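Have a look at this one.
Predicted, not measured: the structure shown is a model, and the values here were computed from it.
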Amino acid sequence: MAKPKPAKPTPRKASVPILSISSPSTSKPVSAALPAKKPQPAMWYGLIGLAALGVLFAFSFGFGNSFVDWDDMEYVAENASVLHPTAASLKALWQMPVALNYHPVTMMSLAANAALSGARPTPFIVTNVLLHVLNTLLVFALAYRLSRKNPWVGFFTALLWGLHPMHVESVIWVSERKDVLYTFFFLLACLSYLRYQSTHKTAWLVTTFGLFVLACLSKAMAVVLPVVLVLIDYVQGRPPLSRKHLMEKVPFLLVALCVGWMAVTIQGGGDFYGLLTVAGRPKEALGHEPFAFRWLVYGSFGFLMYLVRLLIPFGLSALYPYPPDVTQIPTHYWLGPLAFLSYLGVMGWAFRHNRRVVAFGLAFFLVTILLVLQFMTVGTALMADRYSYLAYVGLLYPIVSGFERSSRSNQTNRMAWRVGVSLFALICFYGTTQQVQVWRTTETLWLNALRYYPNDDQIHERLATYYGKENQLDKAELHFTAALADGTNRYRVFEGLGNVYGLKGEPRKAIDMYNQALRLDSTQGDTYYNRGLTKLKLNPETAVPDFTKALELMPYKDTLVLPQRAFAYLQARQYTAALADYDRVLTRQPGNAVAWHNRGVCRFNLGDRAGALADIRQALTLNPAYSEARQNLSALERLN
């Protein structure tokens, strides 16, 4: 049977339109793709405000913290120029590095804090936290602009960055005002540069340059901004290596070179060709070969740990020490070079395949943290939480951007991703609330570090020093002795134990400790001074050379050392020498009643009774309750 032929289709007339079928609830064709509903501006203001409040709330658990005896004394608590700002002291803040760092804008901000709210630690901590909240908003703005105004990328990048526990050290530690302040200017400079790119107005480039200078004067780590500006050119599709665009960066590069050279000079104990006043020693460091291969291993392992801590922000410590024997590299440290090379490989792949967001983020992180990786050792720590502060922007932005882009076409995946990142933000929130408590006092800070590194001599030394200052001598002796048991070669341990023995009334054991400290480092004026104080109790004449050496090494502490040497001369009955020292003391300290009295004693023993009477009367004028001076005055008046 023959198969039937299919009927020929009837051609439609061109004049008849093809009509689509409408849904019962809408006049739009059902075949039309519905655009995604864009969040309203009010919603985003609410979310951004909620993120800022969340960050503020997490760090508010540290508002009751105290200063910690780790740079805070030098920066604020014992810094008269900060606590009692005058025109002269403010000028000094621009001329004198603090803790071998030159950051006058940071020091001026601390002085402003003191002028407005006094010497209590809380206002300083609150100011740091408020700056961190502002920085969180700036991170949102930067991620938002770089992602072509994707609000979810900006929101989650800022939320994770603001709440990350690794940032507690930068925010809660008063001395790290420099971190939150330089990052504030640095992020503003990046946003100003983006504005310059879109408007081509030179005023915005000039503004960027001014913000860069402020960032450098807040912390020298800001010198990497010119490279970051090149990366912004790249990620924005602006030819980064064109002659015109590179010439824009020349003024920035010149400032960066100047600030970098200044930082290197100061860290080495220099005064930058006489332009600054430096009172300090070069930074302590391990080893003597700055480019030895083992430092490349340790530096790259520190780099790896910054990556690990981004995702696993637990086990944080104020100090991450090197292995006890730095010449014997532990096996797991070799993961560092492997990770570092892999990171460079992925970054190179991203640049080669024009994966702009990934390449930008990886390069941003590397550039902003490279200068503090311990490839060339400065200090005695493998890494530090504070160095991740700005750098983590570079890692969080491409991670958030990548997840947001990959889940764009799938509502379920997008929801799962946002729920997942929100849960991680809650984990970070909890970790931050716990970590701010670690920084509550000097004791809690170092006891926490001791949990993770129970055999580290540096941590024992810092705890012992704290207990010594608190007059808890038994605890101080315990931790100094533990540091000795760890095989320390740090002079401070021996000096500290000497101080403890001296305070406990064991001068011979104290002198033995001071001798060992000076064998390790004979340039420590404080050690000579403390040994002199101890010798003063045994044999005043032998104390004089120690005080003389202390004056030679610490001429800026003459008001502390001179009275002790004068008293040693007096006790040794070397009245002429004692009189000369007391003359110098009273030139500097005319209100020192003890110096007036003791100079009177010198004059009496040298046969100058009239001078003795005048000096002792002056001592009583300054201190009417000075009983010894009153007794000696009565005796002199009877003789006359």
Just verifying a value: how many Å separate Y466 OH and D69 CG, rounded to the nearest 0.5 Å?
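Taking OH in Y466 and CG in D69, the distance rounds to 9.5 Å.
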
Check this for me: Q472, atom CD, are more than 12 non-hydrogen atoms of other residues, nucleotides or ligands nearer than 6.0 Å?
yes

Does I369 form a side-chain contact (heavy atoms from CB on, under 4.5 Å) with L390? I'd like the steps, not just the answer.
CA-CA 8 Å; I369 208 165; L390 174 63; over 6 Å; no

From OG1 (T576) to CG (L606), nearest 0.5 Å
4.5 Å

Is the distance from the ring center of H103 to that of Y75 below 6.0 Å?
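Yes, close enough.
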
If you take all heavy atoms of V180 and Y389, which pair is closest and at what distance?
CG1-OH, 3.5 Å

Short question: side chain of T86, backbone of S89 - any donor-acceptor pair under 3.5 Å?
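Answer holds: yes.
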
Q437 vs T444 side-chain heavy atoms within contact, under 4.5 Å
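They are not in contact (no side-chain heavy atoms under 4.5 Å apart), so the answer is no.
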
Taking it one step at a time, do E176 and K178 satisfy salt bridge (charged side-chain N to carboxylate O under 4.0 Å, His left out)?
CA-CA 5 Å; E176 280 306 302; K178 52 187 178 286; 3.0 Å; yes

Decide whether Y569 and E541 meet the rule of one side-chain donor and one side-chain acceptor closer than 3.5 Å.
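No, E541 and Y569 have no side-chain donor paired with an acceptor closer than 3.5 Å.
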
Take Y322 and Y298 through the test ring-ring contact (aromatic ring centres under 6.0 Å, His included) and record every step on the way to the result.
CA-CA 8 Å; Y322 286 93; Y298 290 134; 5.3 Å; yes

Audit row: H167, D385, side-chain contact (heavy atoms from CB on, under 4.5 Å) steps and yes/no:
CA-CA 7 Å; H167 297 338; D385 294 356; over 6 Å; no

Decide ring-ring contact (aromatic ring centres under 6.0 Å, His included) for H597 and Y626; before the verdict, give the C-alpha distance in whole Å, the side-chain angles of both, and the deciding distance to 0.1 Å.
CA-CA 9 Å; H597 171 267; Y626 197 164; 5.2 Å; yes

Name of the residue among N128, V174, T127 meeting side-chain contact (heavy atoms from CB on, under 4.5 Å) with N113:
T127

We want to know whether Y582 and D615 form a side-chain donor-acceptor pair, criterion being a heavy-atom distance below 3.5 angstrom.
no

Using side-chain heavy atoms (C-beta onward) and a distance below 4.5 Å, is P324 in contact with N455?
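No, too far: nothing below the 4.5 Å cut-off.
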
Take T106 and S109 through the test side chain to side chain donor-acceptor pair (under 3.5 Å) and record every step on the way to the result.
CA-CA 5 Å; T106 294; S109 78; 5.4 Å; no

Kindly give the heavy-atom pair with the smallest separation between T534 and A510, and that separation in Å.
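Heavy atoms only, the tightest pair is CG2-CB, 4.1 Å.
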
Decide yes or no for Y182 and M221: does some side-chain heavy atom of the first lie under 4.5 Å from some side-chain heavy atom of the second?
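Yes, close enough: below the 4.5 Å cut-off.
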
Counting C-beta onward and ignoring hydrogens, is there a side-chain heavy-atom pair between Y528 and S522 closer than 4.5 Å?
yes

Do R492 and E495 sit within salt-bridge range, that is, some charged N less than 4.0 Å from a carboxylate O?
no

For the pair Y467 and E443, evaluate side-chain contact (heavy atoms from CB on, under 4.5 Å) and give the outcome as yes or no after the intermediate values.
CA-CA 8 Å; Y467 287 130; E443 183 180 24; 2.7 Å; yes

Using modelled atom types and a 3.5 Å cut-off, is there a donor and acceptor pairing between side-chain atoms of N101 and backbone atoms of A99?
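Such a contact is found between N101 side chain and A99 backbone.
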
Is the shortest heavy-atom distance from the side chain of N515 to the side chain of F494 under 4.5 Å?
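They are not in side-chain contact.
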
Report the distance from atom CD1 of I616 to atom CD of Q631, rounding to the nearest 0.5 Å.
11.0 Å

Using modelled atom types only, decide if a donor and an acceptor are shared between the side chain of S117 and the backbone of A114 within a distance under 3.5 Å.
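Pair absent, no side-chain N/O of S117 close to backbone of A114.
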
For the residue pair S66 and R440, confirm or rule out a side-chain donor-acceptor distance under 3.5 Å.
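Not at all, the side chains of S66 and R440 share no donor-acceptor pair under 3.5 Å.
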
Determine yes or no for a side-chain-to-main-chain donor-acceptor pair under 3.5 angstrom, with N632 supplying the side chain and V601 the backbone.
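Not at all, since once roles are kept as given, no pair shorter than 3.5 Å links the two residues.
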
So, D179 and R386, do they make that salt bridge, N to O below 4.0 Å?
no

Distance-only donor-acceptor check, side chains T488 and D486, under 3.5 Å
no

Note: C602 and L570 closest approach over all heavy atoms is SG-CD1, 3.7 Å

Just by modelled atom types, is the P590 backbone N or O under 3.5 Å from a matching donor or acceptor in the W596 side chain?
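Yes, the answer is positive, given that a donor and an acceptor are paired below the 3.5 Å cut-off.
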
Student check: side-chain heavy atoms of N499 and Y514 closer than 4.5 Å:
yes

For residues A595 and N592, report the shortest heavy-atom separation together with the two atoms involved.
N-OD1, 3.0 Å

Check whether any side-chain N or O of Y102 sits under 3.5 Å from a backbone N or O of W94 as a donor-acceptor pair, and report yes or no.
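Answer holds: yes.
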
SB check D474 K504 (cutoff 4.0 Å)
yes

Between Q374 and V372 (side chain of the first, backbone of the second, donor and acceptor by atom type, cut-off under 3.5 Å), is there such a pair?
yes

Just verifying a value: how many Å separate F59 CZ and H132 NE2, rounded to the nearest 0.5 Å?
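It is 4.0 Å, given to the nearest 0.5 Å.
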
Closest heavy-atom pair and its distance - A593, N623
CB-CB, 4.0 Å

One pair to check against ring-ring contact (aromatic ring centres under 6.0 Å, His included): Y306 and Y387. What are the steps and the verdict?
CA-CA 9 Å; Y306 288 117; Y387 295 148; 7.1 Å; no

Is the shortest heavy-atom distance from the side chain of L217 to the side chain of P104 under 4.5 Å?
yes

Does a side-chain heavy-atom distance below 4.5 Å link T542 with L538?
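Not in contact.
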
Checking side chain to side chain donor-acceptor pair (under 3.5 Å) for the pair S175/D72: CA distance, chi angles, key distance, verdict?
CA-CA 5 Å; S175 296; D72 280 355; 2.4 Å; yes

With rounding to the nearest 0.5 Å, note down the distance linking CD in E506 to CG in L497.
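If I round to the nearest 0.5 Å, the distance is 9.5 Å.
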
Under 3.5 Å, is there a donor-acceptor pair between the side chain of R531 and the main chain of F547?
no

Minimum heavy-atom separation for D546 and G532, please, with both atom names.
OD2-N, 3.6 Å

Any salt bridge between D526 and K557, counting N to O under 4.0 Å?
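Result for this pair is yes, salt bridge flagged.
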
In a check of side-chain contact (heavy atoms from CB on, under 4.5 Å) between H479 and each of V493, L450, I459, T465, which one passes?
L450

Should the pair W439 and W70 be assigned to parallel (<30°), tilted (30 to 60°) or perpendicular (>60°) ring geometry?
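The arrangement is parallel - the two ring planes meet at less than 30°.
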
Start with the C-alpha distance between L533 and Y529, add both sets of side-chain angles, then the distance that settles side-chain contact (heavy atoms from CB on, under 4.5 Å), and finish with yes or no.
CA-CA 6 Å; L533 291 177; Y529 173 74; 3.5 Å; yes

How about N605 and R573: does a side-chain donor come under 3.5 Å of a side-chain acceptor?
no

d(L257 CG, M262 CE) to nearest 0.5 Å is 12.5 Å

Criterion side-chain contact (heavy atoms from CB on, under 4.5 Å) against R599, the qualifying member of L586, D581, V594
L586

